[in-house]
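What follows is a short report on a single structure.
What you see below is based on every heavy atom in this structure, not just the backbone, and it leaves out hydrogens, waters and symmetry mates. Since this is a predicted model, take the numbers as computed values, not measurements. Residue numbers begin at 1 in each chain, while the letters A, B, ... track the order of the sequences.
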There are 2 protein chains.
Amino acid sequence: MTKKTTIYDIAKKLNITAATVSRALNNNPKISEKTKELVFKTASGMNYEQNKLAQALKSGKSFNVGVIVPRIDSNFFSSVIRGIEEELYPEGYHVIICQTHDQQELEIKNINSLLNAQVDGILMSISNAKLEKNAVFNNLVKKNVPLIFFDRKKDIKNVSSITIDDFKGGYEATSHLIQQGCKRIAHLSNNRNLEIFKNRYLGYKQALLDNNIPFDESLVVETFSKVIEGREKTRLLLQMDNPPDAIFSSSDFSALGAIEEIKESGLRIPEDICVVGFSNEPFTKFMELSISSIDQSPMEMGKITARMFLDEVASEVKVKLEKHVVLTPTLIARKSSLKI
Amino acid sequence: MTKKTTIYDIAKKLNITAATVSRALNNNPKISEKTKELVFKTASGMNYEQNKLAQALKSGKSFNVGVIVPRIDSNFFSSVIRGIEEELYPEGYHVIICQTHDQQELEIKNINSLLNAQVDGILMSISNAKLEKNAVFNNLVKKNVPLIFFDRKKDIKNVSSITIDDFKGGYEATSHLIQQGCKRIAHLSNNRNLEIFKNRYLGYKQALLDNNIPFDESLVVETFSKVIEGREKTRLLLQMDNPPDAIFSSSDFSALGAIEEIKESGLRIPEDICVVGFSNEPFTKFMELSISSIDQSPMEMGKITARMFLDEVASEVKVKLEKHVVLTPTLIARKSSLKI
DNA sequence: CTGTTAGCGCTTTCAC
DNA sequence: GTGAAAGCGCTAACAG
């Protein structure tokens, strides 16, 4: 490793102090234009590069922010990240992405790693609402490291969040199915310890209620966001004495599984059964039988998350105010649920 | 920001030196068990947490490695990353993911950001082979920061790489189509400045040659890895006087576009036209008309990349030896190309 | 086994 | 306008 040039090297060369060099490089107004120019010139001549670590150690700021998501290989999360990047890069921040793969253990590990790396903030979508070991979060809050939740949040004092109105999403999806003439609508739900899934479920229920359709507990099944899960749970639904004529899935992946299973059973979509998913993953549009879904404007969500973070670090105020932004989801009706 | 406790604080409390505390925390064998225990206890009692920045500044190691990919929202790259993480986490490293979105400018920016963040190495898949401004890479090599290319490489002295045998991939895909009885095989190629695409193309060509099928330049079209691109280029192919009876696409996304277009034109798959993609993205399996593709074992690739990096940092040897691992791809034949 | 001391590279008072 | 000096938190060489 060739010795890196430091401000001392360039100071020596110019017969001035390191302090002056530092000031010059930071464009301190007290330094004469002449010196500045000289410093800049020699610096680049010597291939000088600032050591961010030293700077960070001194200033206590690393200009790194951590983003924690369950996984990066879903269009939803990668789009949110893209949104975050677009807002943060221009401000000089760098983004460190971590995945939890829905494992609580990794979630905690990631937070700690990021803290160790002295990130200036953490933007995250929790995978596990239970995470009783609130210790980690309290730690964050105590250390005054800005924490912002997006999409999947947890209610913690002083912590802001940006989510979508999942209740509305569930409500719209279900209402749409009712408008298409469906009477027995099943719901592939998911871990309702997570607010997002609980709210989609509640929206579904409310839509039924508002349309005088009896709520049937047996039509609601917990299903993880996997194709295979969608298939299996749908198989069970189809075997019922009184099977559903529509399925509202809390995930596009399980919706896809549902569609596969329905087709295999010989039923037609949307004539016999309508299907609506959630998230508007790109494949829903690609499919020959395109899948209706709920768009969550992930890019927008990412941008807002980033701006909230920037606001927090900018504010001098000691008393942080908790903000909760809620985006409105949009139903995208496609072939899988359009009978007309 | 509540003042963080440092080793000095705990040293003072115990009436010993910071050095001793440091040694105790690092499990230095020269420290008595008693002191160690005492230190550990008070440390956790005081909520002490190591400042990685200081440590990094001192040791010159940050235990962060940067991973640069064109994008994270393709299963291929996210799987490679997963593989990298699985090998690196146990070794105490942390992974910083950056996306270039195929923009050369971002590519350079990312490298510089990572260098500034003092990463211990960079693992990357280049987006743009031209990147004439070799300066950045030379910089890396000069600074002796381990650099390893995966999937998309560039030939640079002293830089190792791990790729798949794209020639073989192209060859197998094409041979398979020939075996299915196809005689006029088109190829949706891509920017052949990138080795991967050049090699897939060359493999395709060789397979034709070996089977006495005339190579027809007009059947090869440059197509970016997008669904829409696949559609458009396929439309042109179908309009030819002598249209193809098979398409080998260098990307699953353009293969999907090709399939959509073919169906729309009223032709049947695989009866009239067979299609094979590349990468084995999950959706190829999901489709009702599942798409044949070439699997690149991305997880494996990630793991090997990580291990190469670990080897490099472990080796004391000054003279780095360039290693080039080449994985063998596997053809996965599905409905889109199985006539039987 | 533990203390002393110096230094990683940079910033920032406090002087002059 | 610039220099001197201290310190961010940690580690490591040297000494005892």
Using atom [atom1] of [X] as one end and atom [atom2] of [N] as the other, report the distance to the nearest whole Å.
{"X": "B:K58", "N": "C:dC8", "atom1": "NZ", "atom2": "P", "answer": "7 Å"}
{"X": "B:Q55", "N": "D:dC8", "atom1": "CD", "atom2": "P", "answer": "17 Å"}
{"X": "B:K52", "N": "D:dC8", "atom1": "NZ", "atom2": "P", "answer": "21 Å"}
{"X": "B:K34", "N": "C:dT2", "atom1": "NZ", "atom2": "C1'", "answer": "14 Å"}
{"X": "A:L57", "N": "D:dG7", "atom1": "CG", "atom2": "C1'", "answer": "9 Å"}
{"X": "A:M46", "N": "C:dG9", "atom1": "CE", "atom2": "P", "answer": "13 Å"}
{"X": "A:R23", "N": "C:dC14", "atom1": "CZ", "atom2": "P", "answer": "13 Å"}
{"X": "A:N28", "N": "C:dT11", "atom1": "CG", "atom2": "C1'", "answer": "11 Å"}

Here's a test of your reading of the structure: between A:N26 and B:K36, which maps to the more 5' nucleotide of DNA chain C?
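Here B:K36 is the residue nearer the 5' end.
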Can you tell me if B:S125 uses its side chain to pair, donor with acceptor, with the backbone of B:F150 under 3.5 Å?
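It does hold such a pair.
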Sidechain-backbone polar pair: B:D9 side chain, B:T6 backbone, donor-acceptor under 3.5 Å:
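Yes, B:D9 side chain to B:T6 backbone: donor-acceptor pair under 3.5 Å.
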Under 4.0 angstrom, heavy atoms only, what part of the nucleic acid is [X] near: base, sugar-phosphate, or nothing?
{"X": "A:I16", "value": "sugar-phosphate"}
{"X": "B:T35", "value": "sugar-phosphate"}
{"X": "B:T6", "value": "sugar-phosphate"}

Pick the nucleotide of DNA chain D nearest each of B:A19 and B:A54; which residue has the one closer to the 5' end?
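Residue closer to the 5' terminus by nearest nucleotide: B:A54.
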Indicate whether OP1 or OP2 belonging to [N] is found under 4.0 Å from a side-chain N or O atom of [X].
{"X": "B:T17", "N": "C:dG3", "value": "yes"}
{"X": "A:Q50", "N": "C:dT11", "value": "yes"}
{"X": "A:S22", "N": "C:dC10", "value": "no"}
{"X": "A:Y8", "N": "D:dG3", "value": "no"}
{"X": "A:T20", "N": "D:dG3", "value": "yes"}
{"X": "B:S32", "N": "C:dT2", "value": "yes"}
{"X": "A:N51", "N": "C:dC8", "value": "no"}

Will you find, in the side chains of A:E107 and A:S127, an N or O donor that is under 3.5 Å from an N or O acceptor?
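The criterion, which ignores hydrogens and geometry beyond distance, is satisfied for A:S127 and A:E107.
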Any side-chain donor paired with an acceptor under 3.5 Å for A:K61 and A:Y93?
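Side chains of A:K61 and A:Y93: pair found under 3.5 Å.
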May I ask you to say whether B:D151 pairs ionically with B:K153, meaning some side-chain N is under 4.0 Å from a carboxylate O?
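Not counted as a salt bridge, because no side-chain N and carboxylate O are separated by less than 4.0 Å.
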